[in-house]
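Numbers here simply count residues along the sequence, with the first being 1. Side-chain atoms are counted along with the backbone in the values below, which use heavy atoms only and exclude waters and symmetry mates.
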Amino acid sequence: MIRHRTFGVTHMVNTGARGLEKREKLRQQAEVFVAEKLNDVHVLCITESGDEYASSVTVWYRCL
């Protein structure tokens, strides 16, 4: 079975240093999730998306 876990944040503007800082925090949350909950070989893909009002990082993984 394939599952996913998404880390997201909404904001007014996703530009400049503040937007990058928020996205980096999401990346760190995803890294902690992988390190603490998953075996690296189960991770299929990590995707990142962002627009003017929201950003997210999604970890796709195989669940045994």
Side-chain angles (χ1 to χ4, degrees):
M1 176 182 281
I2 296 175
R3 295 184 162 217
H4 71 281
R5 171 78 189 266
T6 301
F7 303 90
V9 64
T10 58
H11 37 77
M12 292 302 294
V13 178
N14 189 25
T15 60
R18 287 184 68 195
L20 293 174
E21 184 177 307
K22 288 182 179 190
R23 197 174 276 182
E24 183 58 34
K25 287 181 183 179
L26 295 174
R27 289 183 195 116
Q28 290 172 0
Q29 290 175 355
E31 289 173 3
V32 168
F33 173 73
V34 169
E36 292 180 355
K37 305 289 183 184
L38 301 175
N39 186 333
D40 289 347
V41 298
H42 294 133
V43 176
L44 300 174
C45 182
I46 298 175
T47 60
E48 186 174 312
S49 65
D51 63 18
E52 190 174 353
Y53 301 108
S55 294
S56 67
V57 174
T58 302
V59 177
W60 292 89
Y61 60 97
R62 189 176 312 273
C63 184
L64 299 175

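Separation of atoms CZ (Phe7) and CD (Gln28) is listed at 12.0 Å; rounding is to 0.5 Å.
Summarising the geometry of His4 relative to Trp60, their closest heavy-atom pair is CB-CE3, 3.6 Å, with the distance given to 0.1 Å. When all heavy atoms are compared, the tightest approach of Ala30 to Val57 is CB-CG1, 3.7 Å. Contact between Tyr61 and Arg5 at its shortest, heavy atoms only, is CE2-N, 4.1 Å.
The neighbour count for Arg27 CZ, taken as heavy atoms of other residues, nucleotides or ligands under 6.0 Å away, is above 12.
Partner Ser55 forms a side-chain contact (heavy atoms from CB on, under 4.5 Å) with one of Glu48, Arg23, Glu24, Lys25 and no other, that one being Arg23.
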Just do the side-chain contact (heavy atoms from CB on, under 4.5 Å) check on Gln29 and Val32 with the steps written out, would you?
CA-CA 5 Å; Gln29 290 175 355; Val32 168; 5.8 Å; no
